[in-house]
Amino acid sequence: MEIRELINEFISVFGGSEEGIRVFASPGRVNLIGEHTDYNGGYVFPAALKMKTTIVMRKRDDNLLRLKATDLSGIVEADINNLGAYKGIDWGDYQIGVAYMLSQAGYDIVGADMLYDDTVPHGGGLSSSAAIEVSTALCFATLSNEKNGIKKDIDMIEMAKLAQKAEHEYAGVNCGIMDQFASAMGRANHAIFLNCKNLDYKLVPLRLGGKKIIISNTNKKHALGASKYNERRSECEKGFEILKSAMPEKTCLGDITEEEFEKYAHLIDDETVLRRVRHVISEDARVLKAIDALENGDIKTFGNLMNLSHNSLRDDYEVTCFELDTMVNEARKIDGVLGSRMTGAGFGGCTVSIVEEGSVDEFVANVGKNYEEKTGIKPSFYVTETGDGGKEIIL
Ligand code: GLA
């Protein structure tokens, strides 16, 4: 919805006039390469999208939070003095979870009416939850600072970290920092080259020489098997412990080069753990090569690396599924596709492809038709528009 419509809806739900209404927004992201590396201290390369969560809100004079979403009926209420008590409620736990994490970090949460509008598809692997979390964090931190007369800018990296904490504790997903960081720190027409070990980052211009980024949604919801995700994470930890016995100075898989891995891979007996680690270490190397290629205008190499990334996620990390593999295989059959891979956690959700501008229509028509024939699911396609990270929209 447009902001004007959202403000009208806010007033029809919560009453009053436009006075005191504020608007905050934060985007979803698409990861171009560097998957399942973030929680291993590795590299990622996501871009913030135009699709976003928008919050229209107004402070209240009491201790209540009242939450409403444009696509859901009913209002959820929470007491700001008892924010820890709402874990597991049907809807609103991300929002209240973030408010709780901020209060634990010393922010002064104020009562508010809040209307949420999401344009990031839910469960599609484009970080709809990070968009909700980061916009909520920014909103509450801004109001807290104002209440306490604190004039400094909001530290968006701190917001990303608090949002990640809420995801761990409220959604039960032991996620890395990529999604929240991209939502907080993204910039239109750029992707973020982020070192997840120390959060050093660089905004890299997305100069694709006229090629387009197409996101293809399998419309198979990634029941982000929180359990599967957490299982992969602990397999990586197991692998790292073994390699560390030979290289005690290493602090995470992200510290280990492909050469070092080759040298000590034989120490890992468990074949599954070996494949998981091989994915992470090879993926890290691919990110570095991909950024080099992009900076040199070599989009063909960038695309090849995306293809290799998908193959590794399919064969070694085993987080793709029939729908993701079908979407990627059909994409790769189209002339003018330079690379195609799954994006996000996997097990469903979206793929990302780099496509010559002249092939976009053919891509959407043919991949759409063939994917639907093979899976029985109607897919959705988005020609990607990148956007800025979380911010207040000044009315
Ligand atoms: C999810 C998590 C991220 C990251 C990706 C996989 O999106 O939230 O932290 O681990 O999966 O790369």
Side-chain angles (χ1 to χ4, degrees), residues 26-49 51 94 97-98 120-134 157 160-186 191-197 199 201 215 217-218 221-237 252-254 276-277 279-284 286-287 290 305-306 309-310 312-314 316-321 324 341-352:
S26 207
R29 62 96 190 94
V30 61
N31 189 22
L32 299 176
I33 192 161
E35 217 66 83
H36 288 280
T37 46
D38 61 352
Y39 51 83
N40 288 302
Y43 301 112
V44 294
F45 195 47
L49 298 172
M51 294 186 237
Y94 280 56
V98 168
V120 192
H122 288 165
L126 301 177
S127 297
S128 52
S129 55
I132 294 173
E133 290 155 359
V134 173
I157 297 183
K161 288 182 185 164
L162 290 169
Q164 179 197 24
K165 224 167 157 193
E167 178 90 21
H168 287 182
E169 299 202 11
Y170 279 75
V173 180
N174 218 355
C175 66
I177 190 70
M178 168 170 72
D179 303 350
Q180 291 79 10
F181 196 96
S183 183
M185 302 295 292
I192 308 174
F193 172 33
L194 173 66
N195 177 342
C196 299
K197 182 177 162 186
L199 300 191
Y201 72 99
I215 297 174
N217 193 340
T218 62
K221 294 272 182 255
H222 71 160
L224 161 57
S227 62
K228 286 273 174 218
Y229 185 94
N230 294 342
E231 179 186 286
R232 292 296 179 282
R233 191 166 176 154
S234 64
E235 287 163 346
C236 290
E237 280 159 13
C252 56
L253 286 181
R276 305 300 189 242
V277 172
H279 164 73
V280 173
I281 292 177
S282 63
E283 183 77 350
D284 246 0
R286 280 187 288 273
V287 178
L305 290 158
M306 289 172 74
S309 165
H310 183 85
S312 174
L313 289 155
R314 180 190 63 207
D316 275 349
Y317 218 65
E318 296 181 286
V319 291
T320 65
C321 58
L324 282 169
R341 61 181 289 276
M342 57 154 271
T343 185
F347 307 110
C350 291
T351 68
V352 55

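Ligands are counted one by one from 1 in listed order, and the atoms in each one are counted from 1 as well. The figures that follow rest on heavy atoms only: side chains count, while hydrogens, waters and symmetry mates do not.
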Under 3.5 Å side-chain donor-acceptor pair for Arg286 and Ser309: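 Distance-only check fails for Arg286 and Ser309.
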Donor-acceptor pair between His279 and Ser312 side chains, under 3.5 angstrom: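 Their side chains do contain a donor-acceptor pair, which is all the 3.5 Å distance test asks for.
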In plain terms, say whether Arg276 and Glu318 are close enough for a salt bridge, that is, a side-chain N and a carboxylate O under 4.0 Å apart.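 Yes, Arg276 and Glu318 are salt-bridged.
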Which ligand 1 atoms are under 4.0 Å away from a heavy-atom of [X]?
X      : value
Cys175 : 2 (C), 8 (O), 9 (O)
Glu35  : 6 (C), 12 (O)
Asp38  : 3 (C), 4 (C), 9 (O), 10 (O)
Met178 : 4 (C), 5 (C), 12 (O)
Arg29  : 7 (O)

Region of Met342 engaging ligand 1 - heavy atom pairs below 4.0 Å: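 None of Met342 does.
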Sub-3.5 Å N/O-N/O distance, [X] and ligand 1:
X      : answer
Gly176 : yes
Thr37  : no
Asn31  : no
Tyr39  : no
Tyr229 : yes

Hey, mind stepping through Leu324 and Leu313 against side-chain contact (heavy atoms from CB on, under 4.5 Å) and telling me if it holds? CA-CA 11 Å; Leu324 282 169; Leu313 289 155; over 6 Å; no
Is it the case that the ring center of Tyr43 lies less than 6.0 angstrom away from the ring center of Phe193?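 Phe193 vs Tyr43: aromatic centres under 6.0 Å.
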Could you report the tightest heavy-atom contact between [X] and [Y], atom names first, then the distance?
X      : Y      : value
Arg341 : Gly34  : NH2-N, 4.3 Å
Met306 : Val352 : CE-O, 3.5 Å
Leu126 : Met51  : CD1-CE, 4.1 Å

Heavy atom of Arg232, distance to ligand 1 below 4.0 Å: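 No, Arg232 has no heavy atom closer than 4.0 Å to ligand 1.
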